[in-house]
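Inspection log for the structure reproduced underneath, given as C-alpha cells.
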Amino acid sequence: MSVEPLGWGLMLIVAVMAVVTLATRWGGVFIMSFVPIGRRVRQFIGAMSGSVLVALLAPLAVQGDGGARLALATTAAVMLVLKKPLPAIAAGIAAAALFRQI
Amino acid sequence: MHATNTPLPQCKLDRHLVWAGFRHMVPIAVFVLVFGAAFGLAAMQSGLDAAWVVLMSTLVFAGAAQFAVLDLWGAQVPIVALALTVFAINARHLLMGATLYPWLRQLPPARRYGVMVLASDANWALAMQAFGRGQPGLGMLLGGGLALWLFWVLGTWLGTQIGDVIADARRWGLDMVMGCFLLAMVAGERKSLRTLVIWAVAACSSLAACRYLPENSHVMAGALAGGVLGMAWTEQSRER
C-alpha cells in the first residue's frame with residue numbers, strides 16, 4: 001500500500017512514524033512490567049545495556065569508511081587516556097573531518 | 001515479589017535533577033543541532049515542505065529513522081515498508097526501556113511512560129552511566145531528552161532555512177557525533193573480563209546479523225546475544 005506524500009497522505013506518514021516510534025519507546029517498559037525482576041533478569045539487563053552500544057558501534061567500525069574508523073579509534077584512545085567524554089568526542093569528529101578533507 | 005536492592009534516591013525525579021540533566025546534555029545537543037540541520041536540508045531536497053519537516057522532527061524525534069525514511073520518499077510512499085523500517089531502526093528503544101525498567105518501575109505509570117517519550121541513545125546512555133555509579137539517573141533521561149529534542153527540532157528548522165551552510169555535514173565528520181558519543185560511554189565503563197567477553201559476543205553477533213539477517217536487525221541481535229550470555233554467566237561476588 002502506498003500513499004502520496006501530500007496533504008492527508010503526508011499526515012498519515014508522519015503519524016505512522018510517530019506512533020511506531022512511540023511504541024518502541026514504551027514497549028520495552030511495558031513488556032518488562034510482566035517480568036518479575038530476579039537475579040537472572042538483572043544480569044540479562046546489565047549485560048544487555050552495554051551490548052546495545054557495542055552492537056550499534058561494531059558495524060560502524062567494520063563497515064564504515066576510513067574517516068569513521070579513524071573517528072572511533074581517536075575517541076577510544078582519548079577516552080582511555082583522559083577519561084573525559086567531551087574532548088574524546090570532539091577529537092573523534094575532528095579526526096573524521098580531517099581525514100575526509102584530504 | 002523479590003526484595004529490591006535498588007535504593008530509592010536513585011529514582012528521584014525533580015526539577016533540579018531534570019535541569020542538571022538538561023545542562024549536562026547541552027554540549028552534545030549542540031552537535032545534534034547540526035545533525036538536525038543536515039536532516040532538515042536533506043528532507044527539503046527530497047521535496048518535503050519546511051513545516052512538515054519540522055513537524056516530523058517534533059513528533060518522531062528519531063534521527064536515524066527519519067533519515068532512512070527519506071530513502072523511501074517519492075511520488076508514492078510505501079506505508080508498510082515505512083512502518084517496518086521505522087520499527088526496525090527504533091527497535092533498540094525496546095531494549096533501552098527494558099534496561100531502564102528496574103528504576104522506572106518505582107515511578108507511577110503516568111510518569112514512567114511520560115519520561116520514556118523522550119528516550120533516545122544519548123540520554124539513555126547518560127542515565128545508565130549515572131545508575132551504574134549509584135547516582136540518580138532519571139533526571140538525565142528526562143532533562144537530557146528535553147535538550148536533545150529541543151536542539152533536534154531547532155536544528156531541523158535551521159536546516160530548512162539556511163541549509164546550504166551545512167550542505168555537507170558528512171565532510172565535517174558530523175555523521176560521527178552519535179557514534180563517538182556512544183563509544184565514549186562504552187570506553188568509560190567499568191570493565192572486567194566478563195564484560196569484555198560479553199561485548200565481544202555482542203559485536204560478533206551484530207556483524208553476523210548485518211551479513212545474514214534482514215537489514216536493521218543487528219542491534220537487536222547483538223544486544224540479545226550479549227544479554228543472554230550475561231544471564232547465563234554469573235560474576236563471582238557480584239555486588240551492586
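Everything quoted here is computed from the prediction, not taken from an experiment. Every chain is numbered from 1, with letters handed out A, B, ... down the list of sequences.
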A/V16 and side-chain contact (heavy atoms from CB on, under 4.5 Å): which single residue from B/L82, B/V77, B/V69, B/V86 fits? B/L82
Side chain, backbone, both or neither: which part of [X] has a non-hydrogen atom closer than 4.5 Å to chain B?
X: A/A23; value: backbone
X: A/I13; value: both
X: A/L80; value: side chain
X: A/L10; value: both
X: A/I93; value: both
X: A/M32; value: both
X: A/V14; value: both
X: A/V62; value: side chain
X: A/L60; value: side chain

How long is the straight-line distance from [atom2] of [Y] back to [atom1] of [X], given to the nearest 0.5 Å?
X: B/S206; Y: A/L57; atom1: OG; atom2: CG; value: 9.0 Å
X: B/S57; Y: A/M17; atom1: OG; atom2: CE; value: 8.5 Å
X: A/M48; Y: B/L95; atom1: CE; atom2: CG; value: 4.5 Å

Using a distance-only test with no angle check, is there a side-chain donor-acceptor pair under 3.5 angstrom linking B/T234 and A/R39? yes
Which region of [X], side chain (C-beta onward) or backbone (N, CA, C, O), has a non-hydrogen atom less than 4.5 Å from a non-hydrogen atom of chain A, or is it both or neither?
X: B/A83; answer: both
X: B/L207; answer: side chain
X: B/A75; answer: backbone

Parallel, tilted or perpendicular, judged at 30° and 60°: which one describes the rings of A/F30 and B/Y113? tilted
